[in-house]
Colleague: 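Let me give you the structure first, and then I'll get to my questions.
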Amino acid sequence: MDIHLVDGYSELSDIAAGIVTELVNSKNNAVLGLATGSTPVGMYRKLVETYQQGSVDFSQVITFNLDEYYGLSREHPGSYYYYMYRHFFDHVNISPENINIPEFRDGDITAACRQYDGKIETVGGIDLQVLGIGVNGHIGFNEPDRFLKVHTHLVTLAKKTIEVNSRFFASPEEMPGQAVTMGLGPIMHARKILLLASGSSKAKAVFDMVNGKISTKMPASLLQLHRDVTILADREAASMLEEGSFHISQG
Ligand code: F6R
C-alpha cells in the first residue's frame, strides 16, 4: 500500500483527479470504477475543471459505479445516480451508453447483478477503482461480514452506515436499508486502486485497513492483498498511522 499524506481536502481532490486524468490520457478507453459519498466530490469537481480546460477527454471512457441504494428512483437527490450526474456525468463528454450504475429495482436482482459483473469482465475489468472508506471499514457497500461476498449483490446496510449516511436524506426514515454493491471480486481485480480518506471519523478505519488483521469483518483490510493501492489521506484520517508508514505529499 502506497500511503500519501496530503495537506487537506483540496490537495486530496487535486491529486486524485490528477491520477484519473493521467490514466485517461494514457488510455482513452480506460475503465473506471467510481465511488460516491462526500469524499470524492472535490475530485469530480476538479475532473470537470480539467475537462473544461480541454486537458482530458472522457468520450471513450467506460464507468462502473460501486453501488446504489435499493428502491430509490433516479430522480431522488439521495440516489447515487442523481449524485453522479450532478457532480460529474452532466458536465463531461462521457457517452451515456458507457455509464453503468447498479440501479436495479424490479425483476431478478441476482440476474441483474450477474450481468453487471459480466459486463465488467467483458470490457476487460477495471483499470482504476476509486474508493472511499466507511467508518466501519466498508468499501463500496461491502459491509463487515463473516463471509466474503465476491459478486455484485444486494446488501442490508449496517446500522452504522444508516446512521452515518442518513445525513444525505431529508429524514433518517427516508434512507433505504438496502443497497446493491459491487462485490469484492471486481474491486480486488481492478488493476489499480485509489482510496480517498478525509477527516478524523475515518482514522480508526484507516488504521485497521493498513495495520489490522485481514478479515471480511474489516472489508478494507483486504486491500492489503492488492498489489497496487494508493491511499490519499489527510492528517486527520491518517492520525493513527505510525510516522514513517506514509509519504508526505509534495503538493
Ligand atoms: C460510495 C461508497 C462508500 C463510501 C463510504 C464513505 O459509493 O462506496 O463506500 O465511499 O461510505 O463515504 P463518505 O465519502 O461520504 O464518507
Side-chain angles (χ1 to χ4, degrees), residues 6 8-10 12-13 16-17 20 32-45 63-70 72 74 76-89 99-104 116 120 126 128-145 149 152-169 175-188 190 193-206 208-209 216 218-223 229-234 236-238:
V6 298
Y9 185 68
S10 157
L12 178 139
S13 304
V20 175
L32 302 178
L34 297 177
T36 58
S38 53
T39 315
V41 168
M43 176 192 80
Y44 291 125
R45 195 180 304 129
T63 63
F64 287 90
N65 264 82
L66 277 169
D67 41 21
E68 176 60 287
Y69 291 111
Y70 183 61
L72 274 196
R74 290 178 167 185
H76 193 292
S79 81
Y80 287 163
Y81 183 98
Y82 186 95
Y83 170 111
M84 285 307 302
Y85 279 81
R86 173 168 168 232
H87 291 293
F88 188 45
F89 297 149
I99 295 171
N100 299 280
I101 301 175
E103 35 138 11
F104 314 139
Y116 200 70
I120 295 174
I126 293 168
L128 174 66
Q129 176 64 59
V130 179
L131 294 174
I133 183 169
V135 294
N136 64 356
H138 72 210
I139 46 177
F141 275 140
N142 290 281
E143 300 284 24
D145 202 334
K149 301 264 176 65
T152 296
H153 59 280
L154 184 65
V155 61
T156 297
L157 296 170
K159 265 202 194 122
K160 191 73 200 167
T161 300
I162 295 179
E163 189 188 309
V164 172
N165 281 20
S166 56
R167 73 188 192 280
F168 296 112
F169 293 84
M175 157 112 196
Q178 287 183 300
V180 173
T181 183
M182 202 187 273
L184 286 156
I187 297 174
M188 292 301 285
I193 290 178
L194 172 63
L195 185 141
L196 312 179
S198 170
S200 56
S201 68
K202 303 294 172 69
K204 176 77 169 74
V206 167
D208 289 341
M209 163 174 67
T216 51
M218 194 336 120
S221 66
L222 291 162
L223 298 176
V229 180
T230 297
I231 297 170
L232 302 180
D234 61 16
E236 291 74 25

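In each ligand, atom 1 is the first atom listed, and ligand 1 is the first ligand listed.
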Colleague: Applying the side-chain contact (heavy atoms from CB on, under 4.5 Å) test to L131, which of L34, L196, L66, I231 qualifies?
Modeller: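 One option only clears the test, and that one is L66.
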Colleague: Under 3.5 Å, is there a donor on one side chain and an acceptor on the other for N65 and Y81?
Modeller: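 Result is no, nothing qualifies.
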Colleague: What atoms in ligand 1 come closer than 4.0 Å to a heavy atom of G140?
Modeller: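 Contacts of ligand 1 toward G140, numbered from 1: 2 (C), 3 (C), 8 (O), 9 (O).
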Colleague: Counting heavy atoms only, which of S38, G137, G33 comes nearest to atom 13 (P) of ligand 1?
Modeller: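 Among S38, G137, G33, the closest heavy atom to atom 13 (P) of ligand 1 belongs to S38.
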Colleague: Would you mind listing which atoms of ligand 1 come within a distance below 4.0 Å of any non-hydrogen atom of R167?
Modeller: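 The list of qualifying atoms is 15 (O).
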Colleague: For atom 2 (C) of ligand 1, what's the nearest protein heavy-atom neighbour? Residue, atom name and distance, please.
Modeller: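 Checked against all protein heavy atoms, atom 2 (C) of ligand 1 sits closest to D67 OD2, 3.3 Å.
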Colleague: What are the atoms of ligand 1, with element, lying closer than 4.0 Å to any heavy atom of K202?
Modeller: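 Here the atoms of ligand 1 in question are 6 (C), 13 (P), 16 (O).
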Colleague: List ligand 1 atoms under 4.0 Å from A35, heavy atoms only on the residue side.
Modeller: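 Checking each atom against A35, I get 7 (O).
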Colleague: Just to be sure I read this right, does ligand 1 sit under 4.0 Å from the backbone of I133, its side chain, both, or neither, counting only heavy atoms?
Modeller: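 Only the backbone of I133 comes within reach of ligand 1.
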Colleague: Is it the side chain, the backbone, both or neither of T36 that has a heavy atom closer than 4.0 Å to ligand 1?
Modeller: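 Contact part for T36 vs ligand 1: both backbone and side chain.
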Colleague: Is a donor from one side chain sitting under 3.5 angstrom from an acceptor on the other, for T216 and D145?
Modeller: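 There is no such pair between these side chains.
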Colleague: Output side-chain donor-acceptor pairs under 3.5 Å for residues 177-184, partner residues at least two apart or in another chain, one line each.
Modeller:
unit_1	atom_1	unit_2	atom_2	d
T181	OG1	F141	N	2.9

Colleague: Need the ligand 1 atom indices (1-based, order shown) with element for anything under 4.0 Å from a heavy-atom of L66.
Modeller: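 Going through ligand 1 atom by atom, the ones under 4.0 Å from L66 are 8 (O).
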Colleague: When you look for heavy atoms under 4.0 Å from ligand 1, do you find them on the side chain of T39, its backbone, both, or neither?
Modeller: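 Looking at T39 and ligand 1, atoms from backbone and side chain both fall under 4.0 Å.
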Colleague: Which residue owns the protein heavy atom closest to atom 5 (C) of ligand 1, what's the atom, and how far is it?
Modeller: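 Here the nearest protein heavy atom works out to H138 NE2, 3.4 Å.
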Colleague: Any idea which atoms of ligand 1 are less than 4.0 Å away from a heavy-atom of G132?
Modeller: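 Counting atoms of ligand 1 from 1, those under 4.0 Å from G132 are 10 (O).
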Colleague: For the residue pair M209 and L222, establish whether any side-chain heavy-atom pair is separated by less than 4.5 Å.
Modeller: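 When only atoms from C-beta onward are counted, L222 and M209 do not touch, as no gap falls below 4.5 Å.
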Colleague: Looking at ligand 1, does any of its N/O atoms fall within less than 3.5 Å of an N/O of N165?
Modeller: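 No; the residue has no nitrogen or oxygen that sits under 3.5 Å from a nitrogen or oxygen of the ligand.
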Colleague: Report yes if the distance between the aromatic ring centroids of F169 and Y69 is under 6.0 Å, otherwise no.
Modeller: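 Close enough - the centres of the two rings lie under 6.0 Å apart.
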Colleague: Return the orientation label for the F104 and Y116 ring planes: parallel under 30°, perpendicular over 60°, tilted otherwise.
Modeller: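 Ring orientation of F104 relative to Y116: perpendicular.
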Colleague: Would you check if the side chain of H153 reaches a backbone N or O of V155 as a donor-acceptor pair within less than 3.5 Å?
Modeller: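 No.
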Colleague: Can you confirm whether the side chains of T161 and E143 place a donor and an acceptor under 3.5 Å from each other?
Modeller: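 On atom types as modelled, these side chains qualify, holding a pair under 3.5 Å.
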Colleague: Could you check whether any heavy atom of E68 sits closer than 4.0 Å to an atom of ligand 1, since that is the contact criterion I want to use?
Modeller: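 It does not, in that no heavy atom of E68 comes within the 4.0 Å cut-off of ligand 1.
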